[in-house]
Engineer: 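Have a look at this one before I ask anything.
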Number of protein chains: 2
Amino acid sequence: MPSRGLDREAWVRLAVDILAEEGLAGLRVEAMAKRLGVTKGSFYWHFKDRQALLDAVLEEWRAGRIQDCQRQAEVSPDRAAEQLRHVMDAYAINPNRKGVMIELAVRDWARRDKAAAAAVEEVDEARRTNATRLFLAAGFSQDQAEMRALLLYTHAFGLSMMVFERQVDAVARLHAAITTLIAGSPQS
Amino acid sequence: MPSRGLDREAWVRLAVDILAEEGLAGLRVEAMAKRLGVTKGSFYWHFKDRQALLDAVLEEWRAGRIQDCQRQAEVSPDRAAEQLRHVMDAYAINPNRKGVMIELAVRDWARRDKAAAAAVEEVDEARRTNATRLFLAAGFSQDQAEMRALLLYTHAFGLSMMVFERQVDAVARLHAAITTLIAGSPQS
DNA sequence: ACCTGAACACCGTTCAAGT
DNA sequence: ACCTGAACACCGTTCAAGT
């Protein structure tokens, strides 16, 4: 559709893809302009500077992650236990490369940038609230639900950051046991 | 001491500090040369290119983290339970900014670089083995020890990546409960 | 409204030349 | 052995000028 006249969105979409493939260092105005078939001067019509593009990418990420949480919240209120396992596996065992790359880049960035830190905090809170809701629906007490939700999230996230090429099977087995420990039985 | 004649080490030491403060993007040859009071041409006497410096920083990180694990392994074999709690708090609640920044940068990098991925894998394995040893000493079975060691590590790591400025106290309380769940009682 | 083209500063890299 | 100085390419940024 961008036959003539690019918009901000085209730049942001490309930036998100590049961020996932090459990391922050890949977000170069000139290289992106070449890929879009325009001169880099064009970039500065849509954005104040490179930082403005980064801010737009950040906002895209924030809004998308919040939306993901809301979509999950619409799933059937019964079968909460099943969905807990599903959420754990989705994040921990089969994290999509693209998502993980962007999480890494955004969190790295959040260490130096107030706005990025605020976005990360908002997303972390939404995910935690979402998981807490699932544990409550599965019959856990408020305290237990909050505790297990945090643990589910930190574990899934931590695991997705790690490299276990030589031990994928062993780690998958341990992850299954961990899922049972965390999502196990309401009476514990 | 570097009154005349810098060595590789001086560049690597500076690079590690900058990596922690500013991230990968801060590792610019010219900026570092200015900080060391030499021209950037000097850099290329010690290193083939910028990538060679990154490789040296990576190796410094790898060796240091492995050494940390070995130091912990020398602590008194009794009191394993206490030390488990200590390890968890050290990593999860009071992660030093510098360490976390470097972990983030290295793992981001490992997504695109085979050597970085290998270093990360080695460090992950050493830490996991270390934690497993502690759980075994605390009386857990082999399976339980491996499972809890992984969980301790993923949780601590995941938590250190998150932003909870508005809820530090609540999260600290949840972390205490999690510590009990993970390091709790051998019979469970 | 959207883009080009040229200019400038900064930085990675090379290398001949200095001490 | 270690460094300088100059050169070149690449890229972020600006801006007057084009359509």
Engineer: Just how far, in rounded Å, is C1' of dT13(D) from CZ of F43(A)?
Structural biologist: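 About 10 Å, once rounded to whole Å.
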
Engineer: dA9(D) C1' sits how many Å from D49(B) CG, rounded?
Structural biologist: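 Going from CG in D49(B) over to C1' in dA9(D) covers 16 Å.
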
Engineer: Between dT19(D) atom P and W45(A) atom CH2, what is the distance in whole Å?
Structural biologist: 17 Å

Engineer: How long is the line joining CZ of F47(B) and C1' of dG12(C), in whole Å?
Structural biologist: 15 Å

Engineer: Distance check needed: dA6(D) C1' versus E30(B) CD, whole Å only.
Structural biologist: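 Answer to the nearest Å: 13 Å.
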
Engineer: If we check salt bridge (charged side-chain N to carboxylate O under 4.0 Å, His left out) with R127(A), which of these qualifies: E121(A), E103(A), E122(A)?
Structural biologist: E103(A)

Engineer: Measure from CG on L53(A) to C1' on dC11(D) and round the result to the nearest Å.
Structural biologist: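 Answer to the nearest Å: 15 Å.
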
Engineer: Measure up the Y153(A) and F157(A) rings against each other and bin them: parallel (under 30°), tilted (30 to 60°), perpendicular (over 60°).
Structural biologist: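 Ring orientation of Y153(A) relative to F157(A): perpendicular.
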
Engineer: Quick one: K40(A) NZ to dT13(D) C1', roughly how many Å, whole number?
Structural biologist: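 Answer to the nearest Å: 8 Å.
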
Engineer: Looking just at side-chain N and O atoms, do N130(B) and R133(B) make a donor-acceptor pair shorter than 3.5 Å?
Structural biologist: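 Side chains of N130(B) and R133(B): pair found under 3.5 Å.
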
Engineer: So, is H46(A) near the phosphate of dA1(C), with a side-chain N or O under 4.0 Å from OP1 or OP2?
Structural biologist: no

Engineer: Using whole Å, what does the distance between atom P of nucleotide dT13(C) and atom CZ of R50(B) come to?
Structural biologist: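 Checked: the CZ to P distance equals 7 Å.
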
Engineer: Remember a base hit wins even if backbone is also touched, and classify K48(A) as base, sugar-phosphate or nothing at under 4.0 Å, heavy atoms.
Structural biologist: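 K48(A): backbone/sugar contact only, no base atoms under 4.0 Å.
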
Engineer: Provide the Watson-Crick or G-U wobble partner of dC11(C), both distances under 3.5 Å; none if there is no partner.
Structural biologist: none

Engineer: Can a side-chain donor-acceptor contact be found between D68(A) and Q72(A) if the only test is distance below 3.5 angstrom?
Structural biologist: no

Engineer: OP1 or OP2 of dT13(D) less than 4.0 angstrom from a side-chain nitrogen or oxygen of Y44(A), does that happen here?
Structural biologist: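 Y44(A) to dT13(D) OP1/OP2: side-chain N or O found under 4.0 Å.
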
Engineer: Can you tell me the Watson-Crick or wobble partner of dT4(C), both distances under 3.5 angstrom?
Structural biologist: dA16(D)

